[in-house]
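See structure below.
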Amino acid sequence: MTAKVIDGKAFAARVRSQVAGHVARLKEESGLTPGLAVVLVGEDPASQVYVRNKHSSTLEVGMASFEHRLPAETTEAELLALIGRLNADPAVHGILVQLPLPRHLDSDLVINSINPAKDVDGFHISNVGLLGTGQKAMVPCTPLGCLMMLRDQHGSLAGLDAVVVGRSNIVGKPMAQLLLGDSCTVTIAHSRTRDLAEVCRRADILVAAVGRPEMILGDWVKPGATVIDVGINRITRDGKPRLVGDVHYASAAAVAGAITPVPGGVGPMTIACLLANTLTACCRAHGLAEPEGLTA
Ligand code: GUN
């Protein structure tokens with residue numbers, strides 16, 4: 001079998017276009033413009049690229065974008081004061097503090113100072129608890145994107161065996177909660193799991209989020225399974241820089257039913273879901289119906 005390639009770039013473009021349609025209607029019918037505030041502390045080059053992309057994508061779907069770039073020496077009190085102002089600002093529906101923060105700032109404290117209703121990253125402890133108890137939450141963007149692709153591929157996920165490899169707070173754990181919410185039988189595996197290959201072979205849905213280049217091999221994949229590769233690893237091969245996932249793509253694609261490539265799979269979905277979450281936060285803040293198909 002040769003797997004269907006799930007085109008994340010095209011999928012993300014569809015999500016962004018749906019978001020843009022909702023934003024246009026919101027403006028026309030309610031006079032509302034969803035607004036996203038992104039806070040960057042310091043000059044980390046990768047973070048600067050992410051923040052720039054978020055800014056342009058936000059404007060492209062017709063939302064307001066508020067960028068706050070603060071020097072690396074910013075104190076915790078200064079950052080908390082800014083977040084307090086954004087929490088109180090009715091034009092701001094979503095707040096994202098770009099991670100990692102400089103070492104002298106306590107990320108947990110900072111994230112938990114965001115109004116949970118504006119926490120479009122879904123990292124606030126209240127949203128983690130809401131998701132874990134099956135209540136309406138803001139959901140982390142990358143797992144939300146994976147869920148959208150899986151629903152598109154399978155329709156109902158009920159009863160499927162899902163294995164999530166990786167237990168991070170940003171991807172592995174929320175991904176497992178979302179799959180459980182869609183009635184999968186969920187296993188969370190990780191680098192210390194015994195017989196990891198055997199565990200993976202049970203999966204109808206295999207989500208790889210361990211951060212180890214090409215660790216998951218084709219003979220770990222059940223024939224016909226859907227493989228979602230969240231990994232983005234920079235390696236050098238034959239003297240050239242390359243971007244690879246956590247899955248050995250060629251061998252897995254020969255066995256799987258469907259697979260996300262790297263790049264061009266899960267990656268583009270993250271910003272699309274950030275925009276979807278900002279729209280959702282705006283609708284919830286104003287007691288309006290949530291956009292269909294763009295939430296968990
Ligand atoms: N840095 C890398 N990925 C992310 C993300 O999804 N959210 C935030 N806030 N920072 C990040």
Side-chain angles (χ1 to χ4, degrees), residues 8 12 15-16 35-58 63 65-70 72 74 76 79-80 82-83 86-87 92-103 105-128 131 137-149 166-175 177-178 207 209-211 228-234 243 245-246 262-263 265-281 296:
V15 170
R16 288 200 307 271
L36 172 65
V38 174
V39 180
L40 173 63
V41 185
E43 276 99 41
D44 178 67
S47 291
Q48 285 181 328
V49 174
Y50 292 140
V51 167
R52 203 162 43 239
N53 288 342
K54 282 166 187 167
H55 176 69
S56 57
S57 305
T58 305
M63 292 182 181
S65 173
F66 307 98
E67 245 187 51
H68 294 269
R69 290 168 180 265
L70 307 178
T74 301
E76 206 156 81
L79 181 54
L80 293 177
L82 170 61
I83 292 173
L86 297 174
N87 282 341
V92 173
H93 302 95
I95 302 170
L96 180 146
V97 176
Q98 187 67 32
L99 300 176
L101 286 171
R103 282 223 303 276
L105 299 169
D106 178 344
S107 300
D108 287 334
L109 181 80
V110 170
I111 296 301
N112 289 325
S113 74
I114 297 171
N115 174 352
K118 297 189 178 188
D119 167 37
V120 282
D121 257 331
F123 294 166
H124 190 290
I125 195 69
S126 293
N127 283 314
V128 175
L131 178 61
M138 294 307 302
V139 173
C141 303
T142 301
L144 178 59
C146 296
L147 183 73
M148 285 182 189
M149 293 196 286
R167 52 180 157 176
S168 72
N169 292 333
I170 293 181
V171 182
K173 287 180 200 162
M175 186 75 248
Q177 298 286 7
L178 289 171
V207 180
V210 262
I228 304 288
D229 190 352
V230 184
I232 300 176
N233 306 290
R234 282 165 220 284
L243 211 56
D246 293 347
V262 177
V266 174
M269 289 297 287
T270 299
I271 289 189
C273 288
L274 173 67
L275 302 173
N277 275 350
T278 305
L279 172 64
T280 299

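Just so you know, ligand 1 is whichever comes first in the structure, and atom 1 is the first atom listed for that ligand. Treat the numbers as computed from the prediction; the structure is a model and nothing was measured.
- A search for salt bridge (charged side-chain N to carboxylate O under 4.0 Å, His left out) contacts involving E67 returns R69, not counting sequence neighbours.
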Protein N/O near ligand 1 N/O, under 3.5 Å, which pairs?
residue, atom, partner, partner atom, Å
ligand 1, 1 (N), Q98, NE2, 3.1
ligand 1, 1 (N), L99, O, 2.8
ligand 1, 7 (N), D121, OD1, 3.1
ligand 1, 7 (N), D121, OD2, 3.2
ligand 1, 9 (N), V97, O, 2.8
ligand 1, 9 (N), D121, OD2, 2.5
ligand 1, 10 (N), L99, N, 3.0

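- Remark: side-chain polar atoms of N127 are paired, donor with acceptor, to backbone N or O of M138 under 3.5 angstrom.
- Looking at D106, its side chain never comes within 3.5 Å of a backbone N or O of E76 through a donor-acceptor pair.
- Take A12 and apply the side chain to side chain contact (heavy atoms under 4.5 Å, CB included) test, not counting sequence neighbours, and it matches R16, P268, M269, A272.
- The backbone N or O of L86 lies less than 3.5 Å from a partner atom in the side chain of K118, making a donor-acceptor pair.
- With sequence neighbours excluded, the residues satisfying side chain to side chain contact (heavy atoms under 4.5 Å, CB included) with P102 are V41, H104, L105.
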